[in-house]
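Please read the structure below before turning to the comments.
Order of the sequence lines fixes the chain letters, A, B, ..., with proteins taken first and strands second; residue numbering starts at 1 for each chain. None of the values given here were measured: they were computed from a predicted structure. Reckoned from all heavy atoms, side chains included, excluding hydrogens, waters and symmetry mates.
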Amino acid sequence: MKSTFSQRVYDLTAKIPVGRVSTYRALARTLKIPGASRAIGNALHKNPYAPQVPCHRVIKSNGEVGGFASGTKKKIALLKKEGVIIRQGKIDLATYLYEFKIKK
DNA sequence: ACGGTGACGCTCA
DNA sequence: TTGAGCGCCACCG
């Protein structure tokens with residue numbers, strides 16, 4: 001369906017299951033635009049589908065929570081509630097990272 | 001149409 | 001390992 005880059009980001013983000021997280025980088029790769037990691041953050045920042053799109057489940061590729069419109073602290077708190085254990089503001093990607101199916 | 005900004009990523013020192 | 005710089009793409013004014 002014709003939609004903007006951001007729209008696809010929201011769609012993928014909404015597919016992230018509870019207790020799991022994804023990275024800006026992973027989303028960009030899924031959209032076939034590996035270098036659009038920054039644009040991902042930009043899209044989620046505006047995120048018009050707030051409760052519908054769990055943008056707090058999207059973190060940086062290095063495991064850091066990254067940023068959040070309501071505050072990084074809030075983001076971490078939400079993730080912890082979801083069952084994600086965070087250490088030093090970092091998340092275990094090997095344990096919680098959710099990988100999307102990369103279309104080819 | 002143009003330029004600046006931004007919830008990032010990677011390389012180099 | 002930590003810190004700083006450059007490059008990336010999409011959106012807003």
task = Mind calculating the distance between OH (Tyr10(A)) and P (dA7(B)) to the nearest angstrom?
result = 13 Å
Please answer whether the main-chain N or O of [Y] pairs with a side-chain N or O of [X] as donor and acceptor at a distance below 3.5 Å.
| X | Y | value |
| --- | --- | --- |
| Tyr98(A) | Val18(A) | no |
| Lys60(A) | Tyr24(A) | no |
| Lys74(A) | Phe68(A) | no |
| Arg57(A) | Ile16(A) | yes |
| Lys75(A) | Val58(A) | yes |

task = State which of dC11(C), dC8(B), dC10(B) makes the closest approach to the side chain of Tyr24(A).
result =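 Output: dC8(B).
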Pick out the pairs of N or O atoms, protein on one side and nucleotides 5-7 of chain C on the other, that lie under 3.5 Å.
| unit_1 | atom_1 | unit_2 | atom_2 | d |
| --- | --- | --- | --- | --- |
| dG7(C) | O6 | Arg38(A) | NH1 | 2.6 |
| dG7(C) | N1 | Arg38(A) | NH1 | 3.1 |

message = A side-chain contact here means heavy atoms from C-beta on lying under 4.5 Å apart; do Ile40(A) and Leu31(A) qualify?
response =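 Touching, per the 4.5 Å side-chain cut-off.
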query = Contacts to DNA chain C from residues 40-79 of chain A, heavy-atom cutoff under 4.0 Å, which residues?
reply = Asn42(A), Lys46(A)
request  = Check every strand shown and say whether Ala36(A) touches a base, only sugar-phosphate, or nothing at a heavy-atom separation below 4.0 Å.
outcome  =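 Sugar-phosphate, no base atom in range.
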ask   = Just checking Thr23(A): base, sugar-phosphate only, or nothing, at a heavy-atom cut-off of under 4.0 Å?
value =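 Counting heavy atoms under 4.0 Å across all strands, no contact is made by Thr23(A).
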